[in-house]
Peer 1: 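Got a structure for you, questions after.
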Amino acid sequence: AAGDHEAYLRHALSLAQKSPPKPSNYRVGAVLVNAATNEVLSTGYTLELPGNTHAEQCCFEKLAQQHSLSADDVLPDDVALYTTMEPCSFRLSGNLPCVDRILQIGAAKIRTVYVGVYEPEKFVSDNSGRQKLQDAGIAYVHVPGLEKEILEVATAGHEK
Ligand SMILES: Nc1nc(=O)c(N)c(NC[C@H](O)[C@H](O)[C@H](O)COP(=O)(O)O)[nH]1
Ligand SMILES: [Zn+2]
């Protein structure tokens, strides 16, 4: 139900607030949910794991670490990814974008991606993630209402 979507995004936003502010990225939170049971499978926030890690990336890596398997071996077949900011399609650092990580896991597992905001133009001006995910058969849903709060948290490390 729509109310649940906002609740999961608010959970993700509370995770984003744990991220150490940096001028070169956004503070993002993400939650992986078993859409059939509403069970939270994994959570993540930007820089949670060592290295220059993204929130979505941390969700997957934590899951894989817990089971010493790859995320796609562990996930059930009806997963929803909630992320406060849409998954990146390109990273200025050159690291693997999260859209590609989602595509590696595949549409048979991750059925829907729910995003709180689209990526602002600051670092990457034309995030192509939505198109790539939809082309792969993954539903992409913008959940409105939290934009202001999400962007305030996301850009806390940026010069004012
Ligand atoms: N969805 C999302 N989750 C994150 O956890 C995060 N930090 C970003 N940020 C997107 C932005 O485009 C990249 O942070 C910059 O392109 C710099 O790239 P790096 O992060 O240094 O690889 N986007
Ligand atoms: Zn990313």
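Atoms within each ligand, like the ligands themselves, are counted from 1 in listed order. Values below: all heavy atoms of this structure, side chains included; hydrogens, waters and symmetry mates excluded.
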Peer 1: Just checking, any donor-acceptor pair under 3.5 angstrom between side chains of Glu147 and His142?
Peer 2: yes
Peer 1: Can you pull out the closest protein heavy atom to atom 17 (C) of ligand 1? Residue, atom name and distance to 0.1 Å, please.
Peer 2: Ser24 O, 3.3 Å
Peer 1: Looking only at N/O atoms, are Val124 and ligand 1 under 3.5 Å apart anywhere?
Peer 2: no
Peer 1: Side chains of Glu61 and Gln65: is there a donor and an acceptor less than 3.5 Å apart?
Peer 2: no
Peer 1: Determine whether any heavy atom of Gln57 lies closer than 4.0 Å to an atom of ligand 1.
Peer 2: no
Peer 1: Do the side-chain N and O atoms of Lys62 and Thr43 include a donor-acceptor pair separated by under 3.5 angstrom?
Peer 2: yes
Peer 1: Identify the closest protein heavy atom to atom 3 (N) of ligand 1: which residue and atom is it, and at what distance?
Peer 2: Glu56 OE1, 3.0 Å
Peer 1: Just need the protein heavy atom nearest to atom 16 (O) of ligand 1, so name the residue and atom and give the distance.
Peer 2: Leu92 N, 3.1 Å
Peer 1: Could you tell me, atom by atom, which parts of ligand 1 come under 4.0 Å of a heavy atom of Glu86?
Peer 2: 1 (N)
Peer 1: Just need the protein heavy atom nearest to atom 20 (O) of ligand 1, so name the residue and atom and give the distance.
Peer 2: His54 NE2, 2.7 Å
Peer 1: May I ask you to list the atoms of ligand 1 that are less than 4.0 angstrom from any heavy atom of Asn25?
Peer 2: 7 (N), 14 (O), 20 (O)
Peer 1: Which heavy atom of the protein is the closest neighbour of atom 5 (O) of ligand 1, given with residue, atom name and distance?
Peer 2: Thr46 OG1, 2.7 Å
Peer 1: Do you see a donor-acceptor pair shorter than 3.5 Å between the side chains of Asp100 and Gln104?
Peer 2: no
Peer 1: Determine whether Leu146 and Thr84 make a side-chain contact, defined as any pair of heavy atoms from C-beta on separated by less than 4.5 Å.
Peer 2: no
Peer 1: Near Ser93, which atoms of ligand 1 are under 4.0 Å from a heavy atom of that residue?
Peer 2: 18 (O), 19 (P), 21 (O), 22 (O)
Peer 1: Indicate the ring-plane relationship of Tyr82 and Tyr8, choosing parallel, tilted or perpendicular according to the 30° and 60° boundaries.
Peer 2: tilted
Peer 1: Taking the six-membered ring for Trp, are Phe123 and His158 ring centroids under 6.0 Å apart?
Peer 2: yes
Peer 1: In terms of residue, atom name and distance, what is the protein heavy atom nearest to atom 7 (N) of ligand 1?
Peer 2: Tyr26 O, 3.1 Å
Peer 1: At a 4.0 Å threshold, what atoms of ligand 1 neighbour a non-hydrogen atom of Val28?
Peer 2: 2 (C), 3 (N), 4 (C), 5 (O), 6 (C)
Peer 1: Could you identify the single nearest non-hydrogen protein atom to atom 21 (O) of ligand 1 and state the distance to 0.1 Å?
Peer 2: Asn52 ND2, 2.7 Å
Peer 1: With heavy atoms of Met85 as the reference, note each atom of ligand 1 found under 4.0 Å away.
Peer 2: 1 (N)
Peer 1: Tell me, do Tyr26 and Thr155 make a side-chain contact under 4.5 Å, heavy atoms counted?
Peer 2: yes
Peer 1: Going by atom types only, do Tyr45 and Gln17 share a side-chain donor-acceptor pair under 3.5 Å?
Peer 2: no
Peer 1: Among protein heavy atoms, which lies nearest atom 11 (C) of ligand 1, and at what distance?
Peer 2: Glu119 OE2, 3.3 Å
Peer 1: Side chains of Ser19 and Glu48: does their closest heavy-atom pair fall under 4.5 Å?
Peer 2: no
Peer 1: Quick check for you: with the Zn ion (ligand 2) as the vertex, what angle do ND1 of His54 and SG of Cys88 span, to 10°?
Peer 2: 110°
